[in-house]
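Side chains are part of it too, since the values below use all heavy atoms of this structure and drop only hydrogens, waters and symmetry mates.
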Amino acid sequence: MDQKKKINCCCLTPNITRIDDDEKGLHVDIHRGLFASNTEKRTIINTTSTTNNLNTNWYDQLLSNVRWHRVKYKSSRFQKDCTTPCYTAFYGGRPEYAPYIPIPQWFQPLIDEVNSHLGDHVQFNAFLLRLYFDGNDEIAWHTDGRTFLGEKPTIASLSLGCKATFEMRRMTNVWPCVNGSNNISSNDSTTNTKRAAAATGVDTTTPIQSFALHDGDLLVMRGNTQKHWHHRVPKEKGRGVRLNINFRYVLPGQDQDAERGQMTYYKYMVFGDVPIDQQPPSWTYDEIVSKKGGMMNFVQKGIKCHGSKREQQQQQQLSAQKREESNNNDSNAAAAASSSSRSSKESDIERYLTSEQSVDREVFMSLPDDIREELVGQWKSQQNQQQSAANTISPLQTSSSSKRKESTQNVASSFERKTKKKKGTIDSFFAKR
């Protein structure tokens with residue numbers, strides 16, 4: 001597609017990628033690095049905004065404040081039990097409809113910043129949040145188009161955290177038949193490929209558009225894009241934690257259509273099959289990390305992106321404490337101990353990397369010292385536990401073997417005594433004869 005071009009813009013981000021293809025019905029803007037968490041803070045101030053929240057680390061804000069859901073529900077469309085393919089949350093919509101979760105106070109400044117950046121003609125009141133914990137989490141092909149969002153809805157999507165691939169494919173029918181039978185007659189003469197494409201609604205003549213979305217990128221789908229295109233975030237090996245906020249606007253005066261739509265949002269993002277008057281299961285990010293197995297998970301998958309700010313602060317505090325303790329020791333003794341410790345640590349690291357083939361050496365060595373020590377410590381602890389278990393079993397086996405041998409010896413001895421006694425009795429009998 002020859003429509004991709006970059007334009008200059010006097011706004012917070014100096015780089016906007018814009019696609020406007022009227023023929024294909026594709027209208028997309030990508031505002032690069034607008035809310036990046038780990039880059040230098042922008043010095044340009046938006047004078048039209050009454051507050052300046054540019055220094056807010058929204059990646060940390062969401063990890064600290066959101067309770068996430070992994071929704072379970074019975075799909076009437078596919079007639080089977082389903083679980084959402086990533087963690088989700090939902091805020092807002094229209095307060096006159098139920099269910100409705102009010103927009104948190106801590107979240108409102110982000111909405112204001114996005115609205116201010118995109119202009120007064122764009123507004124949002126419904127917010128879908130997704131947590132892609134690792135590369136196994138995904139969202140399948142779909143359109144965000146709904147009648148209660150309007151004919152040409154503006155959908156904004158903010159990425160925070162690790163890089164992810166965002167793909168778009170053109171559709172001849174954005175609502176294809178589930179059983180793949182629409183517009184296909186029994187005597188159709190098209191090839192199997194074309195028949196399959198027609199059944200699924202995919203326009204195979206138009207290449208899939210693929211975008212790499214980085215921390216802080218804001219992707220905006222405009223115009224009639226939702227009528228012609230599906231999008232997805234596929235599974236990706238080695239991808240780390242990524243957060244996504246999807247901004248939508250539920251129109252007023254849509255009555256039952258909007259009410260049903262809002263209920264559907266909350267069902268698939270929050271409640272599932274749990275009644276709306278009950279509390280659905282939810283977890284904090286830290287609880288999810290604990291459930292997933294801690295930091296070891298990240299290293300084994302070869303993930304190379306930033307963690308949260310509070311994790312970095314904890315690492316810095318631990319490092320500072322270790323430096324202070326080291327400075328309080330005698331310099332000569334500390335130097336000798338340090339040399340010995342380094343040698344021991346290097347040996348432990350080599351044994352760990354040799355033993356754990358799934359660990360990426362480059363990623364491991366790029367981690368902070370205290371994290372490397374923690375991971376090696378966990379591994380050594382596991383090794384010691386296994387060795388301890390083996391040692392516990394071994395004496396028992398030896399004792400059992402000794403007992404069996406002793407029992408066998410006792411039986412033999414008893415047999416020998418009885419044999420001798422019987423032989424003596426017989427000899428005595430014949431002697432008397």
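- Considering all non-hydrogen atoms of both residues, A258 and V250 come closest at CB-CG1, 4.1 Å.
- Side-chain atoms of H142 and D144 include a donor-acceptor pair closer than 3.5 Å.
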Q.
Pair E259, R94 - check salt bridge (Lys or Arg N to Asp or Glu O under 4.0 Å), show working.
A. CA-CA 8 Å; E259 187 174 9; R94 303 208 71 84; over 6 Å; no
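- Remark: the backbone N or O of M221 is not paired with any side-chain donor or acceptor of T225 at under 3.5 angstrom.
- Residues forming a ring-ring contact (aromatic ring centres under 6.0 Å, His included) with Y87 (at least two apart in sequence, or on another chain): none.
- Side-chain atoms of D203 and T172 form no donor-acceptor pair, as typed in the model, at a separation below 3.5 Å.
- For NZ of K152, the number of neighbouring non-hydrogen atoms (other residues, nucleotides, ligands) closer than 6.0 Å is 12 at most.
- In D120, the CG atom is not crowded: 12 or fewer heavy atoms of neighbouring residues, nucleotides or ligands sit closer than 6.0 Å.
- With N136 contributing its side chain and K235 its backbone, the two residues share no donor-acceptor pair below 3.5 Å.
- With respect to the salt-bridge test (charged N to carboxylate O, under 4.0 angstrom), the residues E138 and R130 do not qualify.
- Between the side chains of S159 and R242, at least one donor N or O sits under 3.5 Å from an acceptor N or O.
- Atom CD of Q256 has 12 or fewer neighbouring heavy atoms from other residues, nucleotides or ligands inside a 6.0 Å radius.
- Checked by atom type, the side-chain pair R170/T206 shows no donor-acceptor distance below 3.5 Å.
- Note on K163 versus E236: no salt bridge recorded, every NZ/NE/NH1/NH2 to OD/OE distance being 4.0 Å or above.
- Note on ring orientation: taking the six-membered ring where Trp is involved, the planes of Y285 and F133 are tilted (angle from 30° to 60°).
- Under a 4.0 Å N-O distance rule, the pair D137/R70 qualifies as a salt bridge.
- Heavy atoms of other residues, nucleotides or ligands lying less than 6.0 angstrom from NZ of K267 number more than 12.
- Side chains of Q61 and N57: a donor-acceptor N/O pair is absent below 3.5 angstrom, by distance only.
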Q: List the steps and the verdict of salt bridge (Lys or Arg N to Asp or Glu O under 4.0 Å) for D29 and R222.
A: CA-CA 8 Å; D29 297 335; R222 302 175 283 105; 3.0 Å; yes
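- Two rings, from F148 and Y265, have their centers less than 6.0 Å apart.
- Separation of the Y249 and F124 ring centroids does not fall under the 6.0 Å cut-off.
- Judged by distance alone, the side chain of S64 and the main-chain N or O of D60 form a donor-acceptor pair under 3.5 Å.
- Ring geometry, F247 versus F107: the interplanar angle falls under 30°, so the pair is classed parallel (tilted spans 30 to 60°).
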